[in-house]
Amino acid sequence: MSVNQQAHTGPPYGQPQPGYQGYQQPAYGGQPLPGVPQSQYGAYNGPMPGYQQPVPPQGSLRAPPTSGAPPPASGASLPSGHLAYSQFGHGDVQNGIPTSAAPMQRPPASQPFLPGSAPTPVSQTSTFQQYGPPPAGVQQLSNHMAGMTIGSTTASAPPPAGLGYGPPTSVPPVSGSFSTTGSGLYTPYTASQGPPPTSVSQGLPLAQPPFPGQPISTQRLPTQVPGFAPPPSSTGIGPSSYPPTTGAPRPPTMPGPPLPGQTAAGPPASQPNHVSSPPPPATMAGPHPGPPMSGLHGPLPPTHPPQPGYQMQQNGSFGQVRGPQPNYGGAYPGTPNYGSQPGPPPPPKRLDPDSIPSPIQVIEDDRSNRGSEPFVTGVRGQVPPLVTTNFVVKDQGNASPRYIRCTSYNIPCTSDMAKQSQVPLAAVIKPLATLPPEETLPYLVDHGESGPVRCNRCKAYMCPFMQFIEGGRRFQCCFCSCVTEVPPHYFQHLDHTGKRVDFYDRPELSLGSYEFLATVDYCKNNKFPSPPAFIFMIDVSYNAVKSGLVRLICEELKSLIDFLPREGNMEESAIRVGFVTYNKVLHFYNVKSSLAQPQMMVVSDVADMFVPLLDGFLVNVNESRTVIASLLDQIPEMFADTRETETVFAPVIQAGLEALKAAECAGKLFIFHTSLPIAEAPGKLKNRDDKKLINTDKEKTLFQPQTSFYNNLAKDCVAQGCCVDLFLFPNQYLDVATLGVVTYQTGGSIYKYAYFQLETDQDRFLNDLRRDVQKEVGFDAVMRVRTSTGIRATDFFGAFYMSNTTDVEMAGLDCDKTITVEFKHDDKLSEDSGALLQCALLYTSCAGQRRLRIHNLSLNCCTQLADLYRNCETDTLINYLAKHAYRGVLGSPVKTVRDALINQCAQILACYRKNCASPSSAGQLILPECMKLLPVYLNCVLKSDVLQPGPEVTTDDRAYIRQLVTSMDVAETNVFFYPRLLPLTRADVDSDSLPAAIRNSEERLSKSDIYLLENGLNIFVWVGVNVQQSLIQNLFGVSSFSQISNALSTLPVLENSFSKKVRSIVDMLQVQRSRNMKLIIVKQEDKLEMLFKHFLVEDKSLSGGASYVDFLCHMHKEIRQLLS
Ligand SMILES: [Zn+2]
């Protein structure tokens, strides 16, 4: 395990880390080195020796429930101080704009609970980390497989330049592609071989195997079989139906592309174990240059140079005929076509999309299988329902999947196994996640003046996995095995099973998630914090004023300040507010309650920012209400005639930071900014946008900040607990990659409204602003993840700052932010004891209370790879892989990142294929049941704008998306990469439910229907050219298709059931997301349709992204190469 240890000795990031001293403070973390005090958060290591602090008495209010089981999810019975964190909850609405704050409410019914989040990554240190596939495994695996030979592969043939994608074999894509495999492989399909055991039902039906002789199949693994052994023939393809029905048995060995006529050899149209689908029309054209393609019509896309064989799919034609998507042009340069033989193009044939794993089917199956029962967390290593399933969680000792999701719930016992599989071990953690009303918020536990009970050595917090011994006088740590005395006040007798008799009375003994009240030892400088402050900082340069933005913001703030977050039992928010405006200079406002009018103070020396007033800058809203209202009325007037176009930016953050420092509190800056800060000042930027860098080695610079100035500023902000939220309104490039640095590293959020127009964008902006101001946020937060012996957290992804290798610091952490943590082995694990995680988040509440939120999770460990593959969660895996890749682009060429991603996934699947599937089916693509969507989702990541930008995507968009994704939770990455597509015209207007989603492909669209597509950032409403006039009338209030305006940003409010239904669907989707989605109306064959098609992710994209079918073939190829 020396590899891992070595890895751990270096910071996970490559940047210089001045504040690296923290690494010497092992007591803070899982390192059993007691007693080393920590500088800033010394108390977090436990009480200092000799500590004597006045501490809040052990008030009954904060005590854990004293009897019986935890109260039901009713706010009334929760400790009162804790309710503040129920944003949606329990009748105690502590904030929320009365009127249009819809986004703050959950949809009444039945939608999957998808808390949104929206943050932004931080890359700080990560910035320059080298990206690359994990080292060992690859080599290992390929060596391992070197012995396998598969007949006559042509893999080494030089790829024809520029054609198609794929490994260096040139073979016609779909059909001929994998013919090299082998021989014999096909023969096993005889009637005598039964279908694989449980499996197949969801296998890939492949009506036409993409590769003759190599049916794709998936295999369902029985989830409960210990010591799983692969099914006999382990194919997802229904064997029995194969040869017989096709009438064209494949030759035992079939090198080379299928011969004409062999296409018929595909699996029969209906296969018992698979989704049956009609035989695909024989229209699939080979990737070969110039093969005749039937069914192709449509011009070459303008953005592509003509390429042989390239065809746009199905322009304007919908229906059953699927346009060919032959070439993988451009996506994998240099790895042209499939097809191993020169010669005549193979007969047109294609893989039936209905036969390959369908995300929709998987989502639906999980909903119907797991949506009705509560998910009870009492059992170790349980895989939760998918994020798309609506389910209720009952905490019985492990954290809810709303707080933590893992890539696998069964971890390999050894590092070697983990490397062999290449399955990353990661947890996606959302410490302050919002819960639906029917679930219970974490209880707040007060252990009195000595603080939370913790292990003496590793400092883990009391949790359900600690073992009490010696009649209850001591406990053994489940993380490090150290034995600790139970403090006298915490002593309790054990029952005959060894369980404390107060087990069910104490959340920290019986629940997976809870909070501790922190003592002063857990506070900076050993001082209880003051309540935080919000500072609103408004750009009043020419563009901001002229667009109406300044007036809009001021008008909104007048009411919004009455809805600042507050603790549930408090009459008013404890948060103080302050106001700044700026262009090239800064204007501070004194809004002290005793003043008749606000006073402005201008600081024009922006080189050395200071705050010109202390008293009267940060005020209580109620006390200063009149003065504030007066100020917000006056600001738009004061700057109405401004001619100033230049802005500063860094000094604005510095001003906010200084104000918080002076007030000795944490807080949040809300900065509303419009342009590249070119005015002379610290942090001044230049326009360095250059799209010519795309696909060059310098592309990474587009994602990197252009100066390190902001990194240093971010560090200062984190030290003060100054979180920065940024609302951007650019009309041109403003360098999101640089402006966003402070936001990401302080745990803040970025919102971007390009070409902001009052009429169309104000609602979206205001909804975002309201939600952002009101949402739950913890300040001055530090998170540490402890693990039981054998694994260790080694890498972190999200919007935060790290000054050492273990502590994730966030000036602010809100309910939408997610931190993804990767684990590596540093020793062997055991199947008996499993593996434990404990995430501890120390933070200051909105009322200034210092708390610790604890989440515990127990996982299984395995010695059989099959157990690993049976307990994976692909959505979480994709979340991790996307974040890893998106960080990778900071340090490596994008192509390298993409290749590494493909390679890693191919290895994951090859390892499964080799170790868990039947050895007799070497030529088949066999996907583990839990990962059968890995290829389609991976392809979506690969063709996302960050990794493969379309021509219309700006550099700022890419930086923005990169940062957003980095703090997304699993539900958000799921819908972001594979958008939800709903046929609106098939919605039941009398029901509350959503219409069943369909797959993201143009061929699924009917020109007589209307569809909605959402990805968490946008909602498209697509209208087919043949939609009934009455539907158009009902939805848009116009009489014909041609009259529909695609300038609409909302749907007209019309009094008919269809209009109401569609609007309710839109509203329902909006509340599930952390950001207000932009509504875009797309008419079929309109120019905007190009944008819409970009989100039909199963299709080939104009930027060169592969179709799902093609990519699946490509993955198969990659896997086969690894196996051979
Ligand atoms: Zn311990």
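For clarity, every value in this text was computed on a predicted model and none was experimentally measured.
Tested against Pro385, the residues Thr388, Val383, Thr389 include a single side chain to side chain contact (heavy atoms under 4.5 Å, CB included) partner, Thr389. Evaluated for a side chain to side chain contact (heavy atoms under 4.5 Å, CB included) with Thr876, the options Val387, Val428, Leu881 yield exactly one hit, Val428. Test Leu1012, Leu1096, Leu1013, Asn1018 against Pro979 for side chain to side chain contact (heavy atoms under 4.5 Å, CB included) and you get one pass: Leu1013. With Asn879 as reference, Thr973 is the one residue of Thr973, Thr407, Asn974, Thr874 to meet the side chain to side chain donor-acceptor pair (under 3.5 Å) rule.
Contact annotation: the side chain of Leu981 never approaches that of Trp1022 to less than 4.5 Å [non-hydrogen atoms, C-beta and beyond]. Considering only heavy atoms from C-beta on, Met968 comes within 4.5 Å of Phe976 through its side chain. The shortest side-chain heavy-atom distance between Asn1000 and Tyr978 falls under the 4.5 Å cut-off. Proximity of Glu873 to Leu386: side-chain heavy atoms (C-beta onward) are separated by under 4.5 Å at one or more points. Looking at heavy atoms from C-beta onward, Pro357 lies out of side-chain contact with Val936 at the 4.5 angstrom threshold. Using a 4.5 Å heavy-atom threshold, the side chains of Cys911 and Gln422 count as separate.
The existence of a salt bridge linking Arg1004 and Asp354 is confirmed by a sub-4.0 Å separation between a basic side-chain nitrogen and an acidic carboxylate oxygen.
Side-chain atoms of Asp1099 and Ser1001 form a donor-acceptor pair, as typed in the model, at a separation below 3.5 Å. For the 3.5 Å distance criterion, the side chains of Tyr886 and Ser944 qualify, holding a donor opposite an acceptor. Between the side chains of Tyr1011 and Arg986, at least one donor N or O lies within less than 3.5 Å of an accepting N or O.
Aromatic ring pairs are classed by plane angle as parallel below 30°, tilted from 30° to 60° and perpendicular above 60°; the pair Phe1092 and Phe1020 is perpendicular. Below 30°, between 30° and 60°, or above 60°: for Tyr880 and His884 the angle between ring planes is below 30°, a parallel geometry.
Shown here for Pro995 and Leu982, the closest heavy-atom pair between the two residues is O-CD2, 3.4 Å. Residues Ala997 and Arg980 share a closest heavy-atom pair of CB-CG, 4.4 Å.
Under the side-chain hydrogen bond (donor to acceptor under 3.5 Å, both in side chains) criterion, Asp945 pairs with His1094, not counting sequence neighbours.
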